[in-house]
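The structure appears below as structure tokens.
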Amino acid sequence: MALLVTDAPRFTAGDAARLAEQLFGVRGRAEVLPSERDQNFLVWANQEVRPTGVLKIANAGEQREVLEYQNEVIRRLAERCPELRFPRIPGEIARVQSGGAAYFARLLSWVPGECLANIAPHSDEVLSSLGRALGQIDRALDGFSHPAAHRDLHWDIRHAGLARTHLHLLPDARRRIVEAGFAAWERIDWQALRSGVIHGDANDYNVLVENGRVVSILDFGDSVHTAIVCDLAIAIAYVMLGKSDPIAAARCVVEAYLAEYPLTPAEVDGLFTLAIARLCLSVCYSAHHANTAPQNEYLGVTDAPAWALLEQLEEFPADWPRDVFRRACSRRQSNLPAGRAQHLGPSLSLSYQRPLHITRGWRQRLFSADGRGYLDCVNNVTHVGHCHPRVLEAAAAQARELNTNTRYLHENLVEYLERLTAMLPPPLSMVYLVCSGSEANELALRLARAHTGRDQVIVVDAAYHGNSNALIDLSPYKFNGPGGRGKPAHVHVVPQPDVYRGTDYAGTVRAAARQADGLAAFFCESALSCAGQIILPPGYLREAFAGVREAGGVCVADEVQTGFGRAGSHFWMFETQGVVPDIVTLGKPIGNGHPMGAVITTPEIAASFANGMEYFNTFGGNPVSCAVGLAVLDVIRDEGLQENARTTGEYLLAGLKDLAGRHAIVGDARGQGLFVGIELVRDRETKEPAGQEATAIVEAMKDRGVLLSTDGPFHNVIKIKPPMVFSRADADGVVGGLEKVLR
Ligand code: PMP
């Protein structure tokens, strides 16, 4: 199976015009078209504006039967696909001589239409029509056979392995990607795939479009008897090129194809692997041709976009495309919004005007059922990245062995307590393990009350500390919000220390502490999240804590959102304020999505709490949770995520500040590490909040594949607190996207 590039005929346009007249009676002129191993000429009859036909001169090695076979395929499709256009074949196959060699020549009538390659962007409609057209072709070819179809073609994905001989031509990083593609190809069970004759080359130079709809798929030079699903695999391999959402584009084609020509489950499952194998063999042959036929530019047209795609696909969970295609072939479409509304208590809204159906997560990205990928800029729970393999493996391995409560001795518990407390300054050394941020704050409140023997609490305006009865009472965000019952008597609210809006600072805490009649605690996030991504002014907590302690209260740092290295410069956000709290509460990132929380306090406060009543928590501190917690700490350390939060956070903030300099609506850009926000205002003088605008921007960014959300009392702060594997390229994507949306 030689690559027949060197056997390509070498006729000139003048020769072609002469042959067209001599052999087929078309008198006029000819113009050369690109081809891999044959020669094709567009032929115009005299005086005609449109071409009359295409003169095809096959390479010297081509057999007459193969050309007869191709002609038969064309005739069959012309007959059986009434919605599509195929060439007529006016004359016989002729034999022509040149330079001592003989070649076969044919004339096919010209088919009008624009190449899909020249159309941008590819709308869902055009992609669906491609799927429909190819499905109709494969349906029409079902049952067709011809002896010449059983030929060995190096572009046939069944023979993709042959391209491996060129692997050594690729640089290391790229070779690794292609080797993985071939390894997956090797696992294909060809017996499970139906065989038949296929078109074999539905690349976008062979697809013709008119009025936004595919009207023809031409060039039967690669038509072959192989696994039928390869036809669709080849089409989607090319469709994915140059797309920001390649899998969504492929899904459009697949869904429409399946409506015309159903595939078996095994074929659907193999589809993506076959498409990747096609790209892998294509880049291998490009590398080979770059060495042997550098003058033929047509041979390399796919190379750069194919590499870009193969590298882009590296960011996706490997088997997610298969899930998307499976869903595309499932006729059973469930109505998730209705199902949810019917049985889920109605107090929880969905994000976005058109809610997302997310089916996969990987690192800093989420993937939806319809094949789109999203950069997740808001999930600070999946701290070390969605579905981190080390965390998953730790959970699974321990779950296979044992999961039980903490009334038995276990290494995981002790090791986790040691590792966690080692991250905290003394005297914070006593830990209670719980299952959520709410549980942590709820217990912190009990500890503070037990220790002080008092009840009252100071909280910061617009704060949220959790969903229990006691914590709703400590959350102005809730008790002053819709459905709230206002501030309870035992709670004192101080204004949020908002540097941008110039509201009062720490003195208000001292004043509230003096005023309180029996102060138990001051609850404060170490950087304010729900209140609008506010970074505390320097010295705020030092002064506030002093005022609280003077009044006999304890200081609780709610690090549920901000802990575990997000601050970048420090492991805990409170450290940026140079203070040591009496109680620290942890949640969200602690288990990377596994339900965990923790309260850490001083031996003195822990002793006050040990009044005889046991504190039992069924799930808190179980061996699986501790294994997960340990894995999270390991990953943060081993992957340098705190340092990444520092450098990438600084880079992101610089980009956002730059944006603020150019767009008046961005009143403020602020942040610490990967805890960042921009505040939108209608007027920089009055700082009138631009809440609706913020919501519209969040929606527009979602359509661009970036997930953000709003916060703050006026919902005008866009928050950015992504998984800590967030990269500079991601930061560029966010800033660049905002730039476009703001324009
Ligand atoms: N504290 C803060 C600062 C929070 O943001 C949250 C949750 N948003 C909680 C506590 C409560 O945590 P959970 O939802 O895990 O109960």
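Because the structure is a prediction, the values reported are computed rather than measured. Atoms within a ligand are numbered from 1 in the order they appear, just like the ligands themselves.
In this structure, the side chains of L433 and S625 stay at 4.5 Å or more apart for every pair of heavy atoms.
For atom 16 (O) of ligand 1, the closest heavy atom belonging to the protein is S438 OG, 2.5 Å. At the top of the distance list for atom 15 (O) of ligand 1, counting protein heavy atoms only, stands G437 N, 2.9 Å. In terms of protein heavy-atom proximity, atom 8 (N) of ligand 1 is nearest to K588 NZ, 3.0 Å. Of the protein's non-hydrogen atoms, H465 O, 3.2 Å is the one closest to atom 10 (C) of ligand 1.
Close approach of ligand 1 to N441 is summarised as follows: ligand atoms under 4.0 Å from at least one heavy atom of the residue are 1 (N), 10 (C). Near D558, meaning under 4.0 Å from one of its heavy atoms, ligand 1 places the atoms 1 (N), 2 (C), 3 (C), 10 (C).
The closest side-chain donor-acceptor pair between D455 and H490, if any, does not fall under 3.5 angstrom. In this structure, a donor-acceptor pair under 3.5 Å is present between the side chains of D376 and H386.
Under 4.0 Å from ligand 1, the heavy atoms of E525 that appear belong solely to its side chain. Residue contacts with ligand 1 for L471 are absent, since no atom lies close enough (heavy atoms, distance under 4.0 Å). The side chain of Q561, and not its backbone, has at least one atom closer than 4.0 Å to an atom of ligand 1 (non-hydrogen atoms only; side chain from C-beta on).
Looking only at distances, a side-chain donor or acceptor of D730 sits under 3.5 Å from a matching main-chain atom of S727.
Partner of R566 under the side chain to side chain contact (heavy atoms under 4.5 Å, CB included) criterion, out of E559, Q672, K721: K721 alone.
Residue-ligand proximity: E439 is placed with every non-hydrogen atom at 4.0 Å or more from ligand 1.
Aromatic ring centres of F564 and F571: separated by under 6.0 Å.
The side-chain tip of K478 points at the ring of Y464 from less than 6.0 angstrom away and within 45° of straight on.
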